[in-house]
**Q** 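Below is a structure I'd like to ask you about.
Just so it is clear, the model here is predicted, and its values are computed rather than measured. What you see below is based on every heavy atom in this structure, not just the backbone, and it leaves out hydrogens, waters and symmetry mates. Chain letters run A, B, ... following the sequence lines, proteins first, then strands; residues in each count from 1.
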2 protein chains.
Amino acid sequence: MICSAAALFSSRGLSGTSFSDVIADSGAPRGSIYHHFPGGKTQLAADVIAWTSEQVLAHLRACPADTARGVLAWFIELWRRSVQASGASAGCPVAGIVVDVDRDADAGAAAGDLTGQARAAFADWTGVLAGQLQATGMPEARARSVATASLAAMEGALILCRVERSSVPLEDTARELLNLVP
Amino acid sequence: MICSAAALFSSRGLSGTSFSDVIADSGAPRGSIYHHFPGGKTQLAADVIAWTSEQVLAHLRACPADTARGVLAWFIELWRRSVQASGASAGCPVAGIVVDVDRDADAGAAAGDLTGQARAAFADWTGVLAGQLQATGMPEARARSVATASLAAMEGALILCRVERSSVPLEDTARELLNLVP
DNA sequence: GTCTATACGAAGATAGAC
DNA sequence: GTCTATCTTCGTATAGAC
């Protein structure tokens, strides 16, 4: 169900996806939603962020490369698979959530704070990526900068791919990204 | 009113923004919405895309640079202003719209086709940018690739800035982007 | 735990008066 | 053209039976 919601959020956004959509898509029982997600839609979104983050981290940790170029290529491969599997229709679920959330209203809310959860997820991703770049001999400051830029480039590339109905923007972005490192 | 809607779409997404929000924010009269936007919310979104696109193109056309690095810096400056003016809260209005739209359902719709309008806008932006890069002596294929990657990087950077509540991701991304060209 | 039914509110869109 | 009022739909969330 979380998996299903992640797919829907990535292609229609958080506000654009209703509980009914998630139920219809996942086949989950309607009456038991609030047993599993007492916090309602916000909690579902929070769980989607956590689940997505874990998926990303699992991929990153399996990185076999020991060169900066190889590390970036492995990172890019994660997003390439997402684009190809969905016919260039899926974006990043986390992006689909945060774009729909009023950041300031969200920060005040005691329960939820989706923006904060997304921030933590992004920080984890760039942290691991920067660590791997450092391990190839790149200085820490540069590694963090490259990691942030890489995530930004991929998030944006996914948006462009969706709009273009094509994986070309991802490949263009990937090619240039690899030009950043020796 | 379009300007107001653009700001709201960029910070809360299309589905996350209601007509009431736009009215409250812009001070426009409630009863006359459907005089100005007979197509309803979809048409408002379409007009926001067109308006935003024109803003971006106007900025790009005013580019004073004649080096690849200068061209990219000018392009980056456009997004930097947006981030700084909003306290890192605003994303790209076009991104806020397309993320919330079901791409496939949208393509079938006769009226609207927001994804198509967004595609045209992005194509215009990268087209102008690629042209300027070519004018500095960059080969066409590379210029198009760099232009696409630059737009992707900025769109993604805006998302990261919003989540981080900081302009640092933009600056990191900008620094690396400039490393792509001599 | 899962289901059906429903309360409650919000949002898009329309009608008709001024 | 603009306003008020309203209709209809939809979505979240809850209540209570099985």
**Q** Just the rounded figure in Å: distance from P of dA11(C) to CG of Asp100(B).
**A**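 So the CG-P distance, Asp100(B) to dA11(C), works out to 14 Å.
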**Q** Nearest heavy atom decides the nucleotide; on that basis, is Pro29(B) or Lys41(A) closer to the 5' end of DNA chain D?
**A**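 Final value for this comparison: Pro29(B).
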**Q** Would you kindly compare His35(B) and Gly40(B) by the position of their nearest DNA chain C nucleotide and give the one closer to the 5′ end?
**A**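 The answer here is Gly40(B).
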**Q** Is it true that Glu171(A) and Arg175(A) have a side-chain N and a carboxylate O under 4.0 angstrom from each other?
**A** no
**Q** Starting from P on dG12(C), measure out to OH on Tyr34(B) and report it in whole angstrom.
**A**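 Tyr34(B) atom OH is separated from dG12(C) atom P by 7 Å.
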**Q** Out of curiosity, Asp21(B) CG to Leu8(B) CG, how far, rounded to the nearest 0.5 Å?
**A**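 Rounded to the nearest 0.5 Å, the CG-CG separation comes to 6.5 Å.
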**Q** With clusters defined by side-chain heavy atoms of hydrophobic residues (ILVMFWY) lying less than 4.5 Å apart, directly or transitively, does Val22(B) cluster with Ile33(B)?
**A** yes
**Q** What are the residues of residues 10-27 of chain A, sorted by number, that bring a heavy atom to within less than 4.0 Å of DNA chain C?
**A**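 Result for residues 10-27 of chain A: none.
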**Q** Quick check on dT2(D): is either OP1 or OP2 less than 4.0 Å from any side-chain nitrogen or oxygen of His36(B)?
**A**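 Checking dT2(D) against His36(B), a side-chain N or O does come within under 4.0 Å of OP1 or OP2.
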**Q** Whole angstrom is fine here: how far is it from CZ in Arg30(B) over to P in dT6(D)?
**A**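 After rounding, the reported distance stands at 14 Å.
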**Q** Nearest whole Å is fine: how far is dG11(D) P from Leu8(A) CG?
**A** 13 Å
**Q** Determine, step by step, whether Asp104(A) and Arg12(B) satisfy the salt bridge (charged side-chain N to carboxylate O under 4.0 Å, His left out) criterion, reporting the C-alpha distance in whole Å, the side-chain angles of both residues, the deciding distance to 0.1 Å, and the verdict.
**A** CA-CA 10 Å; Asp104(A) 301 312; Arg12(B) 293 151 61 170; over 6 Å; no
**Q** Trp74(B) vs His59(B) aromatic rings, parallel, tilted or perpendicular, using cut-offs 30° and 60°?
**A** parallel
**Q** dT2(D) phosphate, OP1 or OP2: any side-chain N/O from Ser32(B) under 4.0 angstrom?
**A** yes
**Q** Expressed as a whole number of angstroms, how long is the span from Ile33(A):CD1 to dT12(D):C1'?
**A**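 Going from Ile33(A) (CD1) to dT12(D) (C1'), I get 10 Å.
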**Q** Are more than 12 heavy atoms, taken from residues, nucleotides or ligands other than Arg119(A), located less than 6.0 Å from that residue's CZ atom?
**A** yes
